[in-house]
Number of protein chains: 2
Amino acid sequence: MDGLTEMLKGTLEGCVLEIIGSEETYGYAITRRLNELGFADVVEGTVYTILLRLEKNGLVQVTKRPSGLGPPRKFYALNDAGREELATFWAKWEYITSRIDKLKEGGR
Amino acid sequence: MDGLTEMLKGTLEGCVLEIIGSEETYGYAITRRLNELGFADVVEGTVYTILLRLEKNGLVQVTKRPSGLGPPRKFYALNDAGREELATFWAKWEYITSRIDKLKEGGR
DNA sequence: CCTGGTACTCGGTATCACCAAGTACCACTA
DNA sequence: TAGTGGTACTTGGTGATACCGAGTACCAGG
């Protein structure tokens with residue numbers, strides 16, 4: 001399945017929020033997680049730009065820790081604003097999917 | 001519900017395809033249809049750019065007809081390529097929603 | 001050493017929806 | 001007959017987002 005990229009616009013950031021929200025983790029691992037979830041062609045560069053944005057928008061708390069097998073990792077955790085943003089994301093997701101499913105059912 | 005715009009990226013075009021696929025129709029009516037479906041802040045300009053793109057990509061057949069209460073309408077119908085594109089869109093949609101729902105369930 | 005896996009950064013590009021303003025056609029009304 | 005409002009399409013520019021590619025750096029094992 002390819003060419004998903006355009007459809008992920010706006011949702012990928014929410015996915016990253018969800019992942020961070022369930023466990024404090026770092027960019028490289030998030031990328032792997034997304035890949036194994038089925039978003040195979042999401043690459044590191046994309047995830048890092050999202051993480052930078054989250055940080056810039058004050059939704060996460062960042063902690064740098066040594067890795068042992070590579071450069072130090074930047075661990076991300078949600079703060080209150082981040083949790084709120086995550087809830088908003090899921091609300092929007094529900095809304096959109098319900099409308100589109102209705103459209104698909106031929107709802108008129 | 002606002003701020004849906006970014007999340008609609010890539011899906012709005014599919015919605016328009018679906019609407020056209022179910023009935024030959026025109027831009028203004030498509031906008032109204034999307035609005036009543038719950039995509040309240042989708043405006044005409046947006047729909048027209050999508051229609052132009054569909055036409056440019058050879059997914060639709062266009063017929064101009066007089067309106068009676070305004071300027072002539074451009075009616076859009078799917079051609080074979082358009083129907084194929086629509087099927088692809090739904091396949092992608094299924095794929096993405098299933099993955100994201102899995103993520104939401106805490107699937108790990 | 002040197003290859004390969006881990007881990008982050010940065011500059012540029014393409015796509016897509018939005019916005020704003022404009023054109024134009026018609027019916028109704030004052 | 002001038003004005004208003006609804007219908008209908010066009011166009012040029014903007015902003016957000018994900019992608020791509022190249023680069024830096026650290027470490028372990030052969």
Side-chain angles (χ1 to χ4, degrees), chain A residues 1-17 24-35 39-57 59-60 62-76 85 89 92 96 100, chain B residues 1-17 24-35 39-57 59-60 62-76 85 89 92 96 100:
Chain A
M1 182 73 61
D2 58 324
L4 299 176
T5 163
E6 285 310 326
M7 245 154 116
L8 283 177
K9 290 241 172 110
T11 61
L12 201 51
E13 177 174 322
C15 293
V16 171
L17 276 172
E24 187 187 39
T25 182
Y26 56 99
Y28 192 79
I30 293 170
T31 310
R32 293 292 145 267
R33 179 105 174 75
L34 286 169
N35 292 153
F39 303 110
D41 44 344
V42 172
V43 297
E44 294 159 40
T46 300
V47 174
Y48 289 115
T49 51
I50 291 174
L51 290 173
L52 265 296
R53 192 162 65 235
L54 294 180
E55 188 176 356
K56 199 185 73 179
N57 294 344
L59 302 175
V60 290
V62 187
T63 315
K64 194 174 246 180
R65 302 214 188 94
S67 152
L69 37 59
R73 296 165 175 164
K74 284 174 73 177
F75 280 83
Y76 293 84
E85 179 71 18
F89 166 73
K92 286 191 208 172
I96 289 189
I100 292 192
Chain B
M1 182 72 62
D2 58 325
L4 299 175
T5 159
E6 286 308 328
M7 245 153 117
L8 282 177
K9 291 247 170 104
T11 61
L12 202 52
E13 177 175 321
C15 294
V16 172
L17 275 173
E24 186 187 41
T25 181
Y26 57 99
Y28 191 79
I30 293 170
T31 309
R32 294 291 145 264
R33 180 105 173 73
L34 286 169
N35 292 153
F39 303 110
D41 44 343
V42 171
V43 296
E44 293 159 40
T46 301
V47 174
Y48 289 116
T49 52
I50 292 174
L51 290 173
L52 265 296
R53 191 162 66 237
L54 294 180
E55 187 176 358
K56 199 185 74 178
N57 294 343
L59 302 174
V60 290
V62 188
T63 316
K64 194 174 248 181
R65 302 214 188 93
S67 152
L69 37 61
R73 298 165 174 165
K74 283 174 72 177
F75 280 84
Y76 292 81
E85 180 71 18
F89 166 73
K92 286 192 206 170
I96 288 189
I100 291 192

* Pairs meeting criterion salt bridge (Lys or Arg N to Asp or Glu O under 4.0 Å) with involvement of residues 42-54 of chain A, two or more places apart ->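 Sorted result for residues 42-54 of chain A: E13(A)-R53(A), R32(A)-E44(A).
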* Take A29(A) and G70(B), find for each the nucleotide of DNA chain C with the closest heavy atom, and name the residue whose nucleotide sits nearer the 5' end. =>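 The residue closer to the strand's 5' end, by nearest nucleotide, is A29(A).
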When the distance from [atom1] of [X] to [atom2] of [N] is rounded to whole Å, what number comes out?
| X | N | atom1 | atom2 | answer |
| --- | --- | --- | --- | --- |
| Y48(B) | dA20(C) | OH | C1' | 15 Å |
| I50(A) | dT9(C) | CD1 | C1' | 15 Å |
| L69(A) | dG4(C) | CG | C1' | 13 Å |
| E44(B) | dC19(C) | CD | C1' | 12 Å |
| Y26(A) | dC8(C) | OH | C1' | 12 Å |

* Within-4.5 Å side-chain heavy-atom neighbours: L54(A) and Y76(A) ->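 Not in contact.
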* Do T11(A) and L8(A) have side chains that get closer than 4.5 Å, going by heavy atoms? ->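 Yes; the side chains approach each other to less than 4.5 Å.
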With sequence neighbours excluded, residues passing side chain to side chain donor-acceptor pair (under 3.5 Å) with [X]:
| X | answer |
| --- | --- |
| E6(A) | K9(A) |
| D41(B) | none |
| E55(A) | none |

* Check every strand shown and say whether L51(A) touches a base, only sugar-phosphate, or nothing at a heavy-atom separation below 4.0 Å. =>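 Here L51(A) touches no strand at all.
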* Within the structure shown, what part of the strands sits under 4.0 Å from T46(A) by heavy-atom distance: base, sugar-phosphate, or nothing? ->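 Base contact.
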* For DNA chain D, note the earliest and the latest nucleotide, 5' to 3', having some atom under 4.0 Å of a heavy atom belonging to chain B. =>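 Under 4.0 Å from chain B, the extent on DNA chain D is dT7(D) to dT17(D).
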* Asked: Hey, which of these two, G27(B) or D41(A), hits DNA chain D nearer its 5' end, going by closest nucleotide?
  ->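 Its nearest nucleotide being more 5', the pick is G27(B).
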* Which residues share a side-chain contact (heavy atoms from CB on, under 4.5 Å) with S67(A), sequence neighbours left out ->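 In terms of side-chain contact (heavy atoms from CB on, under 4.5 Å), with neighbours along the sequence ignored, S67(A) is linked to L69(A), R73(A).
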* Asked: With respect to the phosphate group of dA17(C), does any side-chain polar atom (N or O) of T5(B) fall under 4.0 Å of OP1 or OP2?
  ->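 Checking T5(B) against dA17(C): no side-chain N or O falls below 4.0 Å of OP1 or OP2.
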* To do: For K92(B), enumerate each residue passing the salt bridge (charged side-chain N to carboxylate O under 4.0 Å, His left out) test, keeping only those at least two apart in sequence or located in another chain.
  =>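 Scan of K92(B) (salt bridge (charged side-chain N to carboxylate O under 4.0 Å, His left out), adjacent residues dropped) gives none.
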* For F75(B), check ring-ring contact (aromatic ring centres under 6.0 Å, His included) against everything at least two apart and list the hits. =>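 Partners of F75(B) under the ring-ring contact (aromatic ring centres under 6.0 Å, His included) test: Y26(B).
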Between the protein and nucleotides 12-16 of chain C, which nitrogen or oxygen pairs are less than 3.5 angstrom apart?
| from | atom 1 | to | atom 2 | distance (Å) |
| --- | --- | --- | --- | --- |
| dT15(C) | O2 | K9(A) | NZ | 2.9 |
| dC16(C) | O2 | K9(B) | NZ | 3.2 |

